[in-house]
Amino acid sequence: MSRLTRADLDALPAYVPGRSVADLARELGIAEAVKLASNEVPFGPLPGVPEAVAAAMTQSHRYPDMGVLELRDRLAERYGVTPDRIVTGCGSVALAEHLAKATCLPGDEIVYSWRSFEAYPIISAGVGATSIRVPNNPGHGHDLPAMAEAITDRTRLAIVCNPNNPTGTSVRKAELDRFLDAVPSDVLVVLDEAYREFVTDPDVPDGVELMRGRPNVAVLRTFSKAYGLAGLRVGFLVGHEPVAEAARKTLLPFAVNRIAQAAAIASLAAEPELLARVEQVVKQRTRVRDELLAQGWSVPPTEANFVWLRLSEDTADFAAACARSGVSIRPFAGEGARISVGDEEDNEAFLAAARAYPRRH
């Protein structure tokens, strides 16, 4: 690393996106490959979104509303809070970074479960904070008692990914309440709920409701997953006003572009179609997991739009076997693989590849 830049950047982990299906298709000499690697929904934009985007494009020579006032008003109405408690950003991952900037100085600590969302170590290192990774429990979920024990006087931020990415596991209300009760009031707890819309277990709590009586809790949501706007990058934070104000101070100007704002507002107006699509994803999620279990795989319960296959030394080999079948999945070396839930045809292509693989775990 050049002395012109930070010496510790060599150790900074890199975010690994899902493999390009265009590259995979070219490699295999096929017309089209299946992408089940990035937790995208298999649908296009919700009704009304293309029209809203087209209208916004006519004003693309003007800067967007930097305060994102209309979208914040709509979100505030939806979640029963005042607009000053909503912060928008370039996806929920960007807002996690803004919260780290707002809470941490070099040498402070950020506590999170591992394995969890791979952006957390990058965010921590980017602000000079120390990552405190608490191993997942045997069920591939958060070990909240151990996370509470890991909090020290240097801890500024604790992140709970619920449902957890990439394992799909969730924490229930009673255990999350106990954890929040145990966390000191000067430590911010971030409930990362990017996959909240896919939750069907009534015992998995709504973070916005949990947050209401807890000033040190903030919630992250996104339009990238269930709403199908992954390509436009818009997420939001719901928190108490001092936390929201601090996060807002770290935002880059015009972080949510005009097109994304218009698309998000239109998406909020299409809730019936959203719920119908979520129902389809959940139905396919059940089908995929049930079939994998019947095939002999180890698959923990999931409340997200993906499943987790427990693998070890075979992870890379299994991912390569899927790729040879024209299916791109997301392997995590030596641990397991995350497979997004697609439409029925894409899911069947993956299940056929899994069925043909000679080993089970």
Side-chain angles (χ1 to χ4, degrees), residues 1 5-16 87 89 91-137 140-167 169-171 175-194 207 210-211 214-220 235 237-240 242-251 332 335:
M1 179 63 67
T5 57
R6 286 171 44 178
D8 64 342
L9 289 184
D10 282 337
L12 192 69
Y15 185 87
V16 180
V87 185
S92 56
V93 64
L95 290 163
E97 181 181 32
H98 292 308
L99 287 173
K101 290 178 179 179
T103 57
C104 293
L105 293 171
D108 288 337
E109 295 175 348
I110 299 178
V111 173
Y112 51 88
S113 189
W114 198 251
R115 172 166 297 273
S116 192
F117 185 30
E118 62 185 303
Y120 299 155
I122 301 171
I123 290 168
S124 301
V127 299
T130 300
S131 281
I132 305 298
R133 302 184 187 187
V134 178
N136 288 345
N137 61 33
H140 306 281
H142 286 53
D143 187 339
L144 291 182
M147 287 180 64
E149 287 290 329
I151 292 174
T152 72
D153 290 341
R154 295 171 59 191
T155 306
R156 307 282 8 111
L157 199 63
I159 306 174
V160 177
C161 189
N162 198 32
N164 186 45
N165 177 15
T167 64
T169 53
S170 297
V171 297
E175 58 182 325
L176 188 52
D177 278 335
R178 287 193 295 269
F179 173 74
L180 295 176
D181 289 341
V183 174
S185 61
D186 60 352
V187 174
L188 180 65
V189 178
V190 177
L191 304 179
D192 187 345
E193 296 187 336
L210 280 183
M211 174 213 70
R214 298 181 183 272
N216 67 325
V217 174
V219 180
L220 299 180
L237 174 159
V238 187
H240 291 267
V243 173
E245 181 181 8
R248 207 171 283 119
K249 288 180 178 179
T250 71
L251 295 176
F332 294 81
E335 298 177 73

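Fair warning: this is a prediction, and the values are worked out from it, not measured in the lab. Heavy atoms only: backbone and side chains are in, while hydrogens, waters and symmetry mates are out.
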Problem set entry | Results of side-chain contact (heavy atoms from CB on, under 4.5 Å) for P184 - residues two or more places apart only | I151, D186, V187
Seminar exercise, completed: Applied to residues 102-114, the salt bridge (charged side-chain N to carboxylate O under 4.0 Å, His left out) test, sequence neighbours excluded, yields E109-R154
Side-chain donor-acceptor pairs of residues 97-104 under 3.5 Å, sequence neighbours excluded:
{"from": "H98", "atom 1": "ND1", "to": "T250", "atom 2": "O", "distance (Å)": "3.3"}
{"from": "H98", "atom 1": "ND1", "to": "T250", "atom 2": "OG1", "distance (Å)": "3.2"}
{"from": "T103", "atom 1": "OG1", "to": "L99", "atom 2": "O", "distance (Å)": "2.8"}

Exercise. Looking at residues at least two apart in the chain, or sitting in another chain, which of them share a salt bridge (Lys or Arg N to Asp or Glu O under 4.0 Å) with E175?
Worked result: none
Problem set entry | Test log, rule side chain to side chain contact (heavy atoms under 4.5 Å, CB included), inputs N162 and L191 | CA-CA 7 Å; N162 198 32; L191 304 179; over 6 Å; no
For this session: Quick one: list whatever passes side chain to side chain donor-acceptor pair (under 3.5 Å) with S131, sequence neighbours left out.
Result: Y112, S124
Problem set entry | Closest contact, heavy atoms only, A247 versus L237 | CB-CD1, 4.3 Å
Problem set entry | Flag side-chain contact, heavy atom, 4.5 Å: L144 against V160 | yes
Problem set entry | Beyond-backbone contact of V171 with F179, side-chain heavy atoms, under 4.5 angstrom | no
Exercise. Could you state the interatomic distance from CG (N136) to NE2 (H142), rounded to the nearest 0.5 Å?
Worked result: 7.0 Å
Exercise. Any side-chain heavy atom of V93 sitting closer than 4.5 Å to one from I123?
Worked result: yes
Exercise. Taking only residues two or more places apart in sequence, or in another chain, which ones meet D143 in a side chain to side chain donor-acceptor pair (under 3.5 Å)?
Worked result: none
Exercise. Residues two or more places apart in sequence or in another chain: which of them pass salt bridge (Lys or Arg N to Asp or Glu O under 4.0 Å) with R248?
Worked result: none
Problem set entry | Residue list, side chain to side chain donor-acceptor pair (under 3.5 Å) with E118, at least two apart or on another chain | R330
Exercise. What residues, two or more places apart in sequence or in another chain, satisfy salt bridge (Lys or Arg N to Asp or Glu O under 4.0 Å) together with D181?
Worked result: R214
Problem set entry | Distance (rounded to the nearest 0.5 Å) between L220 CG and D192 CG | 5.0 Å
Exercise. For the side chain of N216 and the backbone of L188, is there at least one donor-acceptor N/O pair under 3.5 Å apart?
Worked result: no
Exercise. For F117, which residues count as a ring pair (Phe, Tyr, Trp, His ring centres under 6.0 Å) partner, sequence neighbours excluded?
Worked result: Y120
For this session: Could you check P166, P135, C161 and say which one makes a side-chain contact (heavy atoms from CB on, under 4.5 Å) with R115?
Result: P166
Problem set entry | Minimum heavy-atom distance between V134 and A150, given as atom pair plus value | CG2-CB, 3.8 Å
For this session: Please name all residues satisfying side-chain contact (heavy atoms from CB on, under 4.5 Å) with T169, sequence neighbours left out, ordered by chain then number.
Result: H140, N164, T167, P300
For this session: Could you tell me which residues satisfy side chain to side chain donor-acceptor pair (under 3.5 Å) with R156, sequence neighbours excluded, listed by chain and number?
Result: none
